[in-house]
Amino acid sequence: MIVPRDPHERTMKQATAIAHPNIALVKYWGKSDVEQNLPAVGSLSITLDGLTTTTRVRFDESLTADRFLFAGGEAPGMAGRVTACLGDFRHRVGATAYAEVESDNNFPTAAGLASSASGFAALVVAADAALGAGLHPGELAEIARRASGSAARSIFGGFVELSLVDGGRGIETRQILEPAAWPLAVVVAVTDSGPKAVGSTDGMLLTERTSPYYPAWVASSPADLAEAHSAVERRDFEALAAVSESSCLKMHSVMLSARPALVYWNGTTVDCIHLLRGLRAVGVPVFFTIDAGPQVKAICLPEALERVGRELAGVPGVERVLVSGLGGGARPVAG
Ligand code: DP6
């Protein structure tokens, strides 16, 4: 007997996933292969729980192209990267159907809060769940990494390390500590919620081409990674603070020494740095990090959270503060 095919089986392969942004403590900045989007340096991050991207992917054999909607509207700026990532995914699992993707964030996009990281992590996890492909998290991280280097880290929760392997020709991403094993808190001071002036990819390429300090930045990264990894294993806040601030400031030094210079900070960014350095000098367990934008991320022990949040909110020019703990990796959800 021939069983007629259920039309829903063919058209309704869909799933929803959530992912959280991550904040690098040892920074990724620079590519060894632009085509493959291979990072020139490893990195170490914490995944947040307070900020969330939710993405629904629906594969449909009747579609003639991928379609991407962000916050309910067309997003032409991102559509090309989403299509490329889906193409990579299809190639990996041998799928052919195009997909409709709907995504939204509960935090400001493109403002140095790593929305591409949570976006591509949620995308590949939702695509995997929709097709029941069952890829290993390391494989999902590899696909996400091609779309955006930092996205590989949002596949995992807690403390995450992305290491270069194979003489730099590949990456390996893994969790090094569960979020509950060292529940740090994060306060993001939003000093300008508009989109950033120069995106990470363009900024990295400019830096590599023009900063005389770029080779020193790359050469110093493995020692920073080892130091941060050890600090995390020992739950040594002071050691993690020292290496994280140093990695952040070295990254901004190569940005500042590019031609034309990449100045991601504004005056409020600098005021927040001084405030947080002052607090640590009087014994408050907090340190700062800043990505390719003007927001300041303060990492602290839970007992300092209330004070750090209050003091940052009081800095003139801080539009608002977002508070988060550490969270889990990208995962499918009902919906
Ligand atoms: C400053 O992952 O956005 O946030 O791979 O070009 O998409 P692409 O870059 P992206 O770069 C993140 C840079 C950073 C530091 C970090 O997250 O490690």
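As the structure is a computational prediction, the values presented were derived from the model and not from experiment. Counting starts at 1 for both ligands and their atoms, in listed order.
Between Thr55 and Ala126 the shortest heavy-atom distance is O-CB, 3.7 Å.
Counting heavy atoms under 4.0 Å from ligand 1, residue Ile23 does not touch it at all. For Arg146, no heavy-atom contact with ligand 1 is shorter than 4.0 Å.
Every atom of ligand 1 is numbered from 1 in the order shown, and the set under 4.0 Å from a heavy atom of Ala292 is 1 (C). The atoms of ligand 1 that sit less than 4.0 Å from any heavy atom of Gly149 are 2 (O), 5 (O), 7 (O), 8 (P). Ligand 1 places these atoms under 4.0 Å from at least one heavy atom of Asp291: 1 (C), 4 (O), 14 (C), 15 (C). Near Arg153, the atoms of ligand 1 lying under 4.0 angstrom from a non-hydrogen atom of the residue are 16 (C), 17 (O), 18 (O). The Trp29 neighbourhood of ligand 1 comprises atoms 1 (C), 13 (C), with distances under 4.0 Å to a heavy atom of that residue. Under a 4.0 Å criterion applied to the non-hydrogen atoms of Thr201, ligand 1 contributes the atoms 6 (O), 7 (O), 8 (P). Against a heavy-atom cut-off of under 4.0 Å, Asn37 is close to the following atoms of ligand 1: 5 (O). Interface of Ala24 with ligand 1, defined as ligand atoms under 4.0 Å from a residue heavy atom, comprises 16 (C), 17 (O), 18 (O).
Distance alone, capped at 3.5 Å, places no donor-acceptor pair between the Glu100 side chain and the Phe68 backbone. Checking side-chain atoms of Ser324 against main-chain N and O of Gly50 turns up a donor-acceptor pair under 3.5 Å.
Ring orientation note: the planes of Phe237 and Phe287 are tilted relative to one another, at an angle of 30° to 60°.
Proximity annotation for atom 11 (O) of ligand 1: of Arg145, Met204, Arg81, Lys27, Met204 comes nearest, heavy atoms only. Of the options Ser150, Ser247, Gly203, Gly199, the smallest heavy-atom separation from atom 2 (O) of ligand 1 is shown by Ser150.
Val308 places a side-chain heavy atom less than 4.5 Å from the side chain of Leu276.
Taken from CD1 in Ile155 to CG in Asp128, the straight-line distance is 9.0 Å, to the nearest 0.5 Å.
The ring-ring contact (aromatic ring centres under 6.0 Å, His included) contacts involving residues 118-176 comprise Phe159-Trp182, where partners must be two or more places apart or lie in separate chains.
Between Ser43 and ligand 1, not a single N/O pair is under 3.5 Å apart.
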Stepwise side chain to side chain contact (heavy atoms under 4.5 Å, CB included) test for His229 and Ile176
CA-CA 8 Å; His229 185 117; Ile176 55 174; 3.6 Å; yes

Please determine whether side chain to side chain contact (heavy atoms under 4.5 Å, CB included) holds for the pair Arg153 and Ser43, giving the CA-CA distance in whole Å, both sets of side-chain angles, and the decisive distance to 0.1 Å.
CA-CA 9 Å; Arg153 301 185 311 238; Ser43 49; 2.8 Å; yes

